[in-house]
Each structure stands twice: as structure tokens, then as C-alpha cells.
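Input: a single structure, listed below in C-alpha cells.
Quick note: numbers below take in every heavy atom, side chains included, and nothing from hydrogens, waters or symmetry partners.
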Amino acid sequence: MPFIMNVLFKVAKINNLGEEKIINFGSYRKDMGKDFIKDLNEAQQKAVLAFKGPSLVIAGAGSGKTRVLTYRIAYLLSQDIPPGSILALTFTNKAAREMKERIGRLVGPERARYLWMGTFHSVFSKILRREGHLLGYPSTYTIFDTTDSKSLVKKIIKELDLNDQIYKPGEVYGRISSAKNNLITPQAYFSSAQLMEMDKRTRRPRIADIYKLYALRCKKSNAMDFDDLLLNLYILIRDFPEVLARYQEQFRYILVDEYQDTNYLQYRIINQLSSRYKNICVVGDDAQSIYSFRGARIENILNFKHDYPDYHLFKLERNYRSTRNIVGAANSIIARNRDQISKKIWSKKEAGEKVKLIRATTDNEEGYLIANLIQDAVYAHQLHHQDIAILYRTNAQSRIFEEALRKLNIPYKVYGSLSFYQRKEIKDLLGYFRLTVNPYDEEALRRIINYPARGIGQTTLSRLEEIAASRDKRIWDILLSMDDYAGVFNQGTIRRLKAFAALINGYRENLQTMEAFDLAYSIAESSGIMKDLHYENSPENLSKWENLQEILNGIKEFVETQDQAEDTTLDSFLQSVSLLTDADSEKEEDRDKVTIMTAHSAKGLEYRFVYVTGLEEELFPSRMSSNTREELEEERRLFYVALTRAMEQVTLSYANTRYRWGVPVNSVPSRFIREIEPEYMDQPFEENPDEPYRPTWKFSQKKVESVPVTTEKMKRMKPVSRTSAPSPSGIHFTADDPAEIQAGMQVEHPRFGQGKIINLEGEPPNRKATVFFKEHGQKQLLLKFAKLKIIR
DNA sequence: GGAGCTTCAATTTTT
DNA sequence: TTGAAGCTCC
């Protein structure tokens, strides 16, 4: 089975595969100016060749933005600029990976390898690993993910005896995050009359206190959250001019992707780093700025001309992706925004199909109609499933499409569902790794000190925390000197705490000497996590166990593919893994599937057929973002992003009634439908048509090839809710006595339908059956839970 | 410590 | 409606 970490290393692999195609760099280089550049249009060429001085590239949707960036870097290399002096920053790992891969194909993987290319966070974390000691961080600092951060905020709210109904951890964390991204330290927060006033008005005057404590506790844990990676890098270059000078010298050429999404902090860092040589190239599209709610500042792109008055401006306006109708429709939408840089996106492709509109009575019908359209389109247009995407405004809408697609046996993947790295078992194991590398990491410690259960309960933990707080110590230091606390804890507790400290210390001793993989493996075994999962032999535990194996395999591969020995340590692995997201764990078997995701996560992707769904007022545009013109314009840009993902066909849909939180709500079609110029629409949009428009799909139940579903696949699918998935045979479902079930029997499962018992093992009540289901493939089920009905 | 209950909240989210 | 979190009871 291909494992999840694969992607991390794909770059190297693909480069190796692509080796034959790589033209010898040395000889290729001479012709670079001519041949190499021929692949580009005139505007793109200009943007690539102007490598000295500041450049702003406004790159419309589908205009070859990545192409320009990659060719520009390749061109820099051809001018004998060493790869180590090129810094290229992206927002996603995926974008960085793709670019590196493409550059590798142009100039050879060897040279591409030494580029400083990655996300803001990953590049900065690397620098901070090296320089963080100047700010008081060891190189083994932990990176807190959002879950860690929120849980710490929540804990602090409790400690300060504040009401978490008023101080909602998520919101408070959001305030802290946005403060950091605007370069506001806790001290600055306290002295900002405006912020304090605002918090007072929202009846949360103590956010500043929470922020201050939060920052202290992160530091005490030797930890940085995502924002700290940026903030600390900024502080580093602000307070240590010699460090700044060093990196200014090193990064003589700086490139930034998706510049419209940079926040103030990122902007300041880039500005500082590039201020010496000013060889900076930023690429972006103001029309695709959709993250202002997270602090992205569209002004950064608009103000570029003030920061670098002698800049070159390049506009890429030719769209290579979409048909003329799609480009026309998208243009007619974005034209309604006031704030934008003027540009004319055009396409030379055929006019293509007009934008279709589906009106459904209910949200369920919407799912059903779209799924059927997809089934027919695959057949009629010879599409692969991977050519299709369903987009929506909120994640909650995914369920309906999942159910509808599953009923028609159309393979799909949900982008951005529960991340692999957020799963409990993964976080537990990583927690052990984290504590081993950095025993001051209190989030990790709290997570695992009693998992697997070792008799260290909430009471003990609270007392430890109390002592730590009152004596200004760290929990780990207390654990190391348990003998001083004989009066505080009873003998048994002291023994157990000592044993835990000894366990972690044992791992720590091996940190320097053992191979990362061997150490990780031995931790997984001896910590008792593996044993805990074997304790009950349920399918859930089996899949958890498989997930742990994937992480371990990932470490093995990580170790094997690193260039330098210092990168093969467990802490190096931990740092890279902390910055990965679900999108980075795509698997080979997930390739040819319909993608369903939010419009936000679709940015940067393209599909032949795109379905933009849930186009209703208060949903898309979102109710929370319809208050000001600015907010509404951002929603409109989001819709623009959704439309411009499509190469050949766009279908819009809305429902008259939608269940929201269990209550049916009547809805009004989105203003965005009306805002598309009618000439690009398949049929005029009528506010209240007598006959709801229905597509003319036939009821042919064409059998799409049945896809065997493995446990892995099931895991990625959210289970269908019990009530909405009636028994496949339609009969009322009553389970039969598990004791009567024998191998070879035909049975029916409420969710998986009919199947055959292949094997039985274990003793009641933990008797486990291996069942082969016609529709869902082979599954392992515990009889006491499975509710199987015997058919014959 | 965990099963099983109730309660309550509920956008978007590259790292 | 889902789901997470908190609570109670063994």
C-alpha cells in the first residue's frame, strides 16, 4: 500500500523518473535565452527575462502563473546564479512541490534541490532551527498546530477563571493570531487603546491577558505556533542586524507566489530581506484574494509600486485554461467589484458550452441531480473522474454529495476533511516523539502522560500544573525531581510519575545514537500504544494501527531520502511533519476520483467540469460575510475563483429548501447567478419559474465499474447517517443473533448491503467476521456491533 | 477510566 | 443534522 508520507518524497522520485527527459544543463544553458523562452508568450517572456530589480506580475486566472515562476527561476539558474541564493516562497506545500518538480525537469533535479523553495512556514522554520538560539529557542523547538494552540488557549481561559462562553477559545486564538500577523506583541496589545477598546466593547477585556500568558506558555514549552514561525523570524531580523545582513546577502533573488494572500507580517519580512538587492518578484492576482478574513492584505499587491517605485509591471491576461464562455462569465462577475486592478482576461479557446443552471427543490435533490449529471457527463464526454470537481461554500455541504455519489457508485474524495495528522492515534504517537525531542512540550505531555492509561489521572496532572505555576517551573523539571515532592503526592503516584519520566528519558538517551526509524519504532512499541490497539481487535483499532504503520513507514522513507545526515534525526522529521496538511497526503489510489471541496481549497486547481453548488443567498455569499461591501466583494472573488477552475463546463446549482441544523430553511437564489451576463448562460435565469428547470438526463442506471472499497477508503468517507440510509433492500431492519452466524452465509448489513461471510474468528462477545460485500468489498466486522441479518 | 448520556453550538482556513 | 464536550455513574 502506498503510504501517506509518500508525497513528501515525491519530488525526488518524480525527478528521478523524469531524468531521461532532462536536457543536459550545461549545453542547454547557452541557448537558454532563445529556445527555452519560446515556450512562453510575449508577456510571460518579459516577466521571465526581467530578473534584475523589482517586478510585479499580475497573473489572471489560468494565465500561466506557475509557468512564469518556474521559468524565471530556471532562467536565473541559467545566468549562473547559484541555486542557494534564490528564495522562492509559496503558501502551500503542494505549490512548492510542483514548482520544484517543474524546475527540476527544466534544469535537472540536482540543481533544483539546492533552491530555497518552500512555504513561508517551512523555510522560516528551517532558518529558526539554525538561528532560534538568539531568541532563546533551542533547535529542537516544537511546532504547535492549531489544535495545540486552541487547547492551550482554552486552558488559560480556565485558569484565569473566565467564562468560555464569552471567551470562546477559537475566537480568542483568532484574535491572538491576527495580533501576531499584524506585528502586535502582547505589550503592544496592552498599549493599543484601539484594541483594548474593541475588546471592552465585545465584553472580552481580558484577551490581552490571555495573549500574554499564551505567549509565555508557548515559550516555556519551547514551542512556536504557526504565526510564531513568521513573527520570530521577523524579530530575529529586526533585533539582529548581522543576521539580517547575512540573509540579505544570501537571498539575492526573492520570488513570492500568491502575493495577494500575504499578511502584514509576511510583507514586512519580504520587504526586509529584499531591501538590499531589491531583486524581488511577486506574482499574484488581486481578483483571487479570498483570505482577508485570515489577515491577508490585498493592499500589499496594490502598494507594491510605492515600495519599489522603479518596479516593472507585467500583466498576464491571456487565459489558457477556460473556454471563452467561462472567461466571459467570470469577467462579468468580477466587473462588479469596485476594488480591483484593471485588466482584461481573454481566451483564444473555442466559445464552448454556456454556463448551466440547476434548480433543485431540496438540498438532497441537488445532490441527486448533480450526481446524475456527473454520471452522464462521464459517459457522454469521456471524462475521467479526476476531471470533475464539485465546489461549495461550506464543508457541511459535502455530506449530501458524498451520499449521492456513493449511491451511484461514483468514486470521490473529499478534500480537506479530517486531516490524517489530526487523527487521535497519529497525534498520540507524534506526542511521544515530541516529548522525546522536547520534554518541555506541555501540550504533548498532557496528551500522553496517561495514554496508554498508567494511573496518572486528572487530579495528579492538575496538581503538577499547579506546582509548576506556583514555583515557575516546568512540569518536566518536577518529574525529574520527584523526591522533593514526597509530601505532595502519595507514594504510588510518585512511583508512576517517576516511571513515566524514566520512560521518556530512556528514549531521550537514544535520540543521538539511534536511527530515527528504529527509535520511532521502539517508542511505538514500548510506549504501549501498539499494545493498546491490539487489546481489542476491532476494525477501528486495525485501521488506527495501519495509520501508525504509515507514519512509521513515512519516517523510514524520510530518513532514506534526506541528503544530509543532520536531516535524518527524529526532530527534523517532526518539524517537517508539523507543517504538512491533509492535502499533502494524497494517495495514488485517490487519483481518479471526483473531487469535492470548498471553493477556498479549489484555488490553484483546475478541472474540465466544475459544479458550483449551493448558490443561495446567505450561503454563497455567506451570511457572515454580507455585511459590508468589502466582505461581499471577497465572496464575489471566491465565486470568481470557483468559476475559473473550469476548463470546459460550468454548472451552477441551488436548492429552494435546505436543511440547516436539522431545520428546513427556504432560500433565495444567490445574487451571483443573476450577476452573470445572460449571454453566457445556457438559459435565462427566472426568479420564479413555473416549471423548475430539470436537466434532460435519462434514468439509465448505467453501472459504473464497481470500485472495491478498502478499509482505507472507508476511513476517508464519512459514514452515512443511519436515518438517511435505509436498508438497501428496503425491508425493515432487525439484526439476527450473532451466535447463529456461520461462515458461508449470505447476510445483509444496514449500511454495506448484502455480503457473504468469508471467515469467523475470536470468541464471543468479541467474535469477528470477515465479510465480502458486493458493493463495498471486504470488511472486518465485530459481530456484537455489526447488526447483520441472515439472508440464507 | 470509560461508557453512555445530555447539551450546545454551528463560515471560509494555504501553515 | 452532526459532533464535540461535559457530565454522571459504574
Side-chain angles (χ1 to χ4, degrees), chain A residues 89-96 118-125 143-147 149-151 154 164-165 168-171 173-174 177 181 224-230 257-258 260-263 265-266 288-296 363-364 391-400 403 415-416 418-419 421 450-459 536 575-584 597-605 614 618-626 631 634-635 637-639 641-642 658-665 718-724:
Chain A
L89 298 170
T90 65
F91 276 83
T92 64
N93 291 306
K94 197 175 174 196
T119 63
F120 281 87
H121 293 84
S122 71
V123 169
F124 294 172
S125 83
I143 298 172
F144 276 176
D145 68 17
T146 320
T147 317
S149 299
K150 281 188 192 156
S151 113
K154 190 171 180 182
D164 64 2
Q165 294 298 305
K168 290 180 186 154
E171 285 175 19
Y173 172 65
S177 168
N181 285 315
M224 298 194 204
D225 67 14
F226 289 144
D227 304 311
D228 287 334
L229 292 173
L230 309 179
D257 190 17
E258 307 276 18
Q260 77 280 354
D261 287 334
T262 48
N263 60 37
L265 183 48
Q266 289 162 324
Q288 294 185 64
S289 159
I290 54 174
Y291 284 107
S292 77
F293 72 96
R294 287 172 53 117
D363 47 0
N364 268 315
L391 309 182
Y392 38 74
R393 181 63 179 81
T394 68
N395 275 317
Q397 290 163 262
S398 77
R399 212 194 85 240
I400 283 177
E403 285 174 14
Y415 224 74
L418 181 67
S419 164
Y421 304 99
N450 199 32
Y451 177 78
R454 45 174 76 88
I456 304 174
Q458 192 51 54
T459 323
E536 197 196 36
Q575 292 215 347
S576 63
V577 99
S578 307
L579 297 171
L580 290 180
T581 60
D582 199 32
D584 298 312
M597 63 183 154
T598 62
H600 279 92
S601 17
K603 196 167 76 156
L605 307 174
E618 316 233 299
L619 181 62
F620 199 171
S622 161
R623 189 173 128 187
M624 325 293 280
S625 312
S626 309
E631 283 180 343
E634 177 148 320
E635 291 287 304
R637 290 193 294 268
L638 182 60
F639 184 53
V641 167
R658 180 174 299 274
Y659 276 81
R660 274 189 154 182
W661 311 318
V663 187
V665 177
K718 292 179 195 157
V720 185
S721 79
R722 296 262 144 70
T723 45
S724 57

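K603(A) has its NZ atom 11 Å from the P atom of dT14(B), to the nearest Å. R637(A) places its CZ atom 13 Å from the C1' atom of dT12(B), with the value rounded to the nearest Å. One atom, CZ of R623(A), and another, P of dT12(B), lie 14 Å apart when rounded to the nearest Å. Rounded to an integer number of Å, the gap from NE2 of H121(A) to C1' of dT15(B) is 4 Å. Atom-to-atom, OH of Y421(A) to P of dT14(B) comes out at 14 Å; the value is rounded to the nearest Å. R658(A) has its CZ atom 16 Å from the P atom of dT1(C), to the nearest Å. R454(A) has its CZ atom 12 Å from the P atom of dG2(B), to the nearest Å. Look at CG on L391(A): it is 15 Å from P on dT12(B), rounded to the nearest Å.
To the nearest 0.5 Å, the span separating CD on Q397(A) from CE on M597(A) amounts to 14.0 Å. Note: L229(A) CG to L265(A) CG = 10.5 Å, rounded to the nearest 0.5 Å. For the atom pair K150(A) NZ and D225(A) CG, the distance stands at 12.0 Å (nearest 0.5 Å).
Among the protein residues, D227(A) comes within range of no part of the nucleic acid, since none of its heavy atoms lies under 4.0 Å from any strand. Counting non-hydrogen atoms under 4.0 angstrom, Y659(A) reaches nothing in the nucleic acid. Among the protein residues, Y291(A) comes within range of the nucleic acid bases, having at least one heavy atom under 4.0 Å from a base atom. As judged by a 4.0 angstrom heavy-atom cut-off over every strand, S622(A) is placed among the base-contacting residues. Residue T90(A) is out of contact with every strand shown, counting any heavy-atom pair closer than 4.0 Å. Using a 4.0 Å heavy-atom criterion, one finds that G457(A) contacts the sugar-phosphate atoms exclusively.
For S122(A) and dT15(B), the shortest distance from a side-chain N or O to OP1 or OP2 is not below 4.0 Å. For S578(A) and dT15(B), the shortest distance from a side-chain N or O to OP1 or OP2 is not below 4.0 Å. The shortest distance between the side-chain N/O atoms of N450(A) and the OP1/OP2 oxygens of dG1(B) is below 4.0 Å. Contact annotation: N395(A) reaches the phosphate of dT13(B) (side-chain N/O to OP1 or OP2, under 4.0 Å).
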List, with names and distances, any nitrogen or oxygen atoms from the protein found under 3.5 Å away from nitrogen or oxygen atoms belonging to nucleotides 5-8 of chain C.
{"unit_1": "dG6(C)", "atom_1": "OP1", "unit_2": "K154(A)", "atom_2": "NZ", "d": "2.8"}

Is there any protein nitrogen or oxygen under 3.5 Å from a nitrogen or oxygen in nucleotides 8-10 of chain B, and what are the pairs?
{"unit_1": "dA9(B)", "atom_1": "OP1", "unit_2": "Q165(A)", "atom_2": "OE1", "d": "3.3"}
{"unit_1": "dA10(B)", "atom_1": "N3", "unit_2": "W661(A)", "atom_2": "NE1", "d": "3.3"}

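Ranking dT14(B), dT12(B), dT2(C) by closeness to the R294(A) side chain, first place goes to dT14(B). The listed nucleotides are dG1(B), dT12(B), dT15(B); the one nearest the side chain of T92(A) is dT15(B).
At distances below 3.5 Å, at least one donor-acceptor pair connects side-chain atoms of Q266(A) with backbone N or O atoms of N263(A). Judged by distance alone, with hydrogens and angles left aside, the side-chain atoms of N93(A) form no donor-acceptor pair with the main-chain N or O of G118(A) at under 3.5 Å. Between the side chain of E634(A) and the backbone N or O of S292(A) there is at least one donor-acceptor pair closer than 3.5 Å.
Remark: the separation of the C1' atoms in dA5(C) and dT12(B) is 24 Å, to the nearest Å.
Considering all non-hydrogen atoms of both residues, S576(A) and L580(A) come closest at O-CG, 3.5 Å. Taking every heavy atom of both residues into account, A642(A) and A599(A) meet most closely at CB-CB, 4.4 Å. Taking each heavy atom of F226(A) and H121(A) in turn, the nearest pair found is O-CD2, 3.2 Å.
No option in F620(A), Y291(A), Y392(A) other than Y291(A) meets the ring pair (Phe, Tyr, Trp, His ring centres under 6.0 Å) test with H600(A).
Summary of the strand contacts: L579(A) and I456(A) both lie near DNA chain B, and taking for each the nucleotide with the nearest heavy atom, the more 5' one is attributed to I456(A).
Taking the six-membered ring for Trp and thresholds of 30 and 60 degrees, F120(A) and F91(A) have ring planes inclined between 30 and 60 degrees apart.
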